[in-house]
Participant: 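Pasting a structure below so you can have a look.
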Amino acid sequence: MPEEESHLEAERRAKIARLRSAGIDPYPPAFPDRRPSREVVAIAAALAEGQEDAGRSLRVAGRLGTIRTHGKTSFADLVDGDGAIQLIWRSDALGEEAYRRALADLDPGDLIGAEGAAARSRRGEPSLVAHRIVLLAKAIAPPPEKYHGLQDPEERIRRRYVDLLSSEESRHRFRFRAEIVRAMRGHFSDAGFLEVETPILLPVAGGAAAAPFVTRSRYLDQELQLRIAIELALKRLLVGGLERVFELGRCFRNEDLDTTHSPEFSMLEAYWAYADYGEMRRLTEELFARLARRAVELAPEREAVRASAARFEPPYPTLDFVDALERASGLSGVLEMTADDLRRHARAIGATVPDASPAGVFLDKLFEHYVEPTIDHVTFVVDHPAITTPLAKRHRAKPGRVERFEIFYRGFELGNAYTELNDPDEQERRFQEQLHAQAADRYAYDADFVEAMRFGMPPATGIGLGVDRIAMALWGTESIKDVLLFPQTRPRSAPPS
RNA sequence: GGGCCCGUAGCUCAGUCGGCAGAGCAGGCGGCUCUUAACCGCAAGGUCAGGGGUUCGAGCCCCCUCGGGCCCGCCA
């Protein structure tokens with residue numbers, strides 16, 4: 001609540017006082033039996049210009065947009081959930097007193113209900129001729145400028161409600177995201193995967209290499225971490241006999257925010273017993289094709305969505321990690337190179353990772369530099385060198401490789417899948433190797449997970465999909481903040497004391 | 001973490017060479033029965049992000065701080 005209000009807000013408070021003294025509640029409890037503006041627009045659109053469907057009374061409710069006063073007739077725009085309709089206020093239809101009061105007491109941004117007849121204006125605009133207008137909630141803060149809306153990117157994020165109420169594009173974008181999430185969930189459900197919910201608060205956050213957020217349980221008198229991945233919980237469920245499981249939920253990584261990274265982000269992880277990464281690839285390709293179709297259904301008028309959807313359609317190119325890297329870089333024999341060789345090549349392209357990094361880090365840097373920029377269509381990068389990927393199963397045919405695919409799209413990663421490691425002794429060994437190779441604060445040793453695997457985890461494949469990034473990619477935006485309702489921001493600076 | 005850029009009325013934006021703080025929208029008052037970024041007239045609206053400095057004089061020049069954007073780095 002701002003401490004000082006503008007004169008605009010003082011005017012609006014004065015109107016509230018005026019209404020109350022006239023016995024009108026500026027915040028009544030409900031407005032039943034309303035119709036979506038779209039329905040009324042459809043009825044009105046069937047009429048001739050200037051014609052009014054006086055036979056039935058219809059009710060609409062929403063936010064008041066611009067008011068165009070024109071003497072004894074005025075026009076006002078009413079915006080509701082996914083549409084808008086023009087209201088015609090006429091002195092003769094409303095009564096002189098009600099007409100005068102509407103103009104005096106209502107402002108853009110107020111929530112109102114209107115009852116009246118569908119009509120088309122003489123200029124042809126589908127409208128509702130109001131016979132009654134009811135204030136449903138007086139807005140004290142004025143809405144942004146009617147034509148440009150809220151432009152300041154900082155304000156659009158900090159006060160998302162203002163962005164949403166003033167921007168149909170923004171409302172559409174978040175409905176779009178929600179429907180993409182629904183389609184992703186539906187795809188795995190339809191394929192027989194059980195949707196589960198596993199803990200976010202953990203004694204130790206594992207399943208990925210990332211810095212966790214740390215918190216504390218007063219009850220347990222113990223430090224807890226917020227999960228960085230869902231993987232280890234879901235694999236425990238495979239051990240427990242749940243053969244196809246997935247979870248779509250928030251993960252948290254205590255790292256910087258940029259256009260493709262948010263400290264909290266949504267992942268969909270799915271694990272499938274007795275299947276391998278080839279089967280997961282088929283399921284994933286069906287998902288991407290489904291998402292491409294759905295995106296176009298949801299936003300057929302958006303050129304950026306049609307362009308993205310085209311890049312999400314099959315067939316999907318496959319790039320063998322090693323072949324693609326060697327072809328693009330001119331290097332050869334990368335699998336046989338020593339860590340020193342790889343570091344030298346990585347240095348040559350300007351990578352600035354520490355000298356002591358595991359050799360796989362240098363390979364990843366080389367791939368990023370030489371191959372990723374060439375990827376445009378959704379592409380499956382497969383069969384990575386084993387040294388880049390400690391948690392996947394060794395490739396059954398290609399020595400030195402693992403059974404893995406990553407899904408790339410225009411410079412960023414959308415998903416990552418393996419044939420999962422299920423040998424508890426090898427799992428233990430790889431955990432130990434990681435522990436020695438990486439900074440201890442970036443690595444979690446989950447002893448209970450190894451214990452679970454000792455009871456027998458079926459051969460399985462698993463995938464992790466970046467939900468926010470998929471929504472970004474399909475909508476055609478460059479920034480993850482565009483698909484997060486409330487991205488993290490620093491607190492506003494405190495006023496000087 | 002480094003570089004560049006931005007912050008002026010509730011909102012969208014101008015502000016020249018350092019010389020009285022501007023417009024449009026929104027709001028107030030008046031006019032108009034078919035407008036749709038309605039239109040016409042009048043009046044009002046400012047901690048120029050915050051702090052410090054230079055100067056006769058700072059929105060403008062310099063320094064610091066805060067917030068944001070873009071690029072790079074980090075994030076295997």
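Just so you know, these numbers use all the heavy atoms, side chains as well, and skip hydrogens, waters and symmetry mates. Lettering of chains follows the sequences in order, A, B, ..., and the numbering in each one begins at 1.
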Participant: Only pairs with both distances under 3.5 Å count, Watson-Crick or wobble alike; so what is the partner of B/G41 in this structure?
Facilitator: B/C29

Participant: Using Watson-Crick or G-U wobble geometry with both distances under 3.5 Å, which nucleotide pairs with B/C74?
Facilitator: none

Participant: Under 4.0 Å: is that the gap between some side-chain N or O of A/Lys481 and OP1 or OP2 of B/G69?
Facilitator: yes

Participant: Would you measure the distance from the P atom in B/G53 across to the matching atom in B/C71 and give it in whole Å?
Facilitator: 38 Å

Participant: In Watson-Crick or G-U wobble terms, both distances under 3.5 Å, what is the partner of B/C4?
Facilitator: B/G69

Participant: Expressed as a whole number of Å, how far does the P atom of B/G67 sit from that of B/C74?
Facilitator: 24 Å

Participant: In whole Å, measure the gap between the P atoms of B/U12 and B/C17 for me.
Facilitator: 26 Å

Participant: Return no unless some side-chain N or O of A/Lys72 is found under 4.0 Å from OP1 or OP2 of B/C34.
Facilitator: no

Participant: Please give the distance between the P atoms of B/G57 and B/C70 as a whole number of Å.
Facilitator: 40 Å

Participant: When you compare B/G18 with B/C56, how far apart are their P atoms, in angstrom units rounded to a whole number?
Facilitator: 16 Å

Participant: Mapping A/Gln488 and A/Gly50 to their closest nucleotides on RNA chain B, which lands nearer the 5' end?
Facilitator: A/Gly50

Participant: Is it the case that more than 12 heavy atoms not belonging to A/Glu97 sit under 6.0 Å from its CD atom?
Facilitator: yes

Participant: Is the shortest side-chain N to carboxylate O distance from A/Glu169 to A/Arg302 below 4.0 Å?
Facilitator: yes

Participant: So among A/Asp110, A/Asp107, A/Asp105, which one has a side chain to side chain donor-acceptor pair (under 3.5 Å) with A/Lys15?
Facilitator: A/Asp107

Participant: What class does the angle between the rings of A/Tyr277 and A/His395 fall in, given that below 30° is parallel, 30 to 60° is tilted and above 60° is perpendicular?
Facilitator: perpendicular

Participant: Would the number of heavy atoms belonging to other residues, nucleotides or ligands and lying under 6.0 Å from CD of A/Glu301 be above 12?
Facilitator: yes

Participant: Toward the 5' end of RNA chain B, which comes first, A/Gln86 or A/Lys365, by nearest nucleotide?
Facilitator: A/Gln86

Participant: On a whole-Å scale, what distance lies between the P atoms belonging to B/G3 and B/C64?
Facilitator: 11 Å

Participant: Quick check on B/G45: is either OP1 or OP2 less than 4.0 Å from any side-chain nitrogen or oxygen of A/His7?
Facilitator: no

Participant: Give me the residues of residues 98-115 of chain A where at least one heavy atom lies under 4.0 Å from an atom of RNA chain B, by number, or none.
Facilitator: A/Asp107, A/Pro108

Participant: For atom P, what is the distance between B/G41 and B/A23, given to the nearest Å?
Facilitator: 14 Å

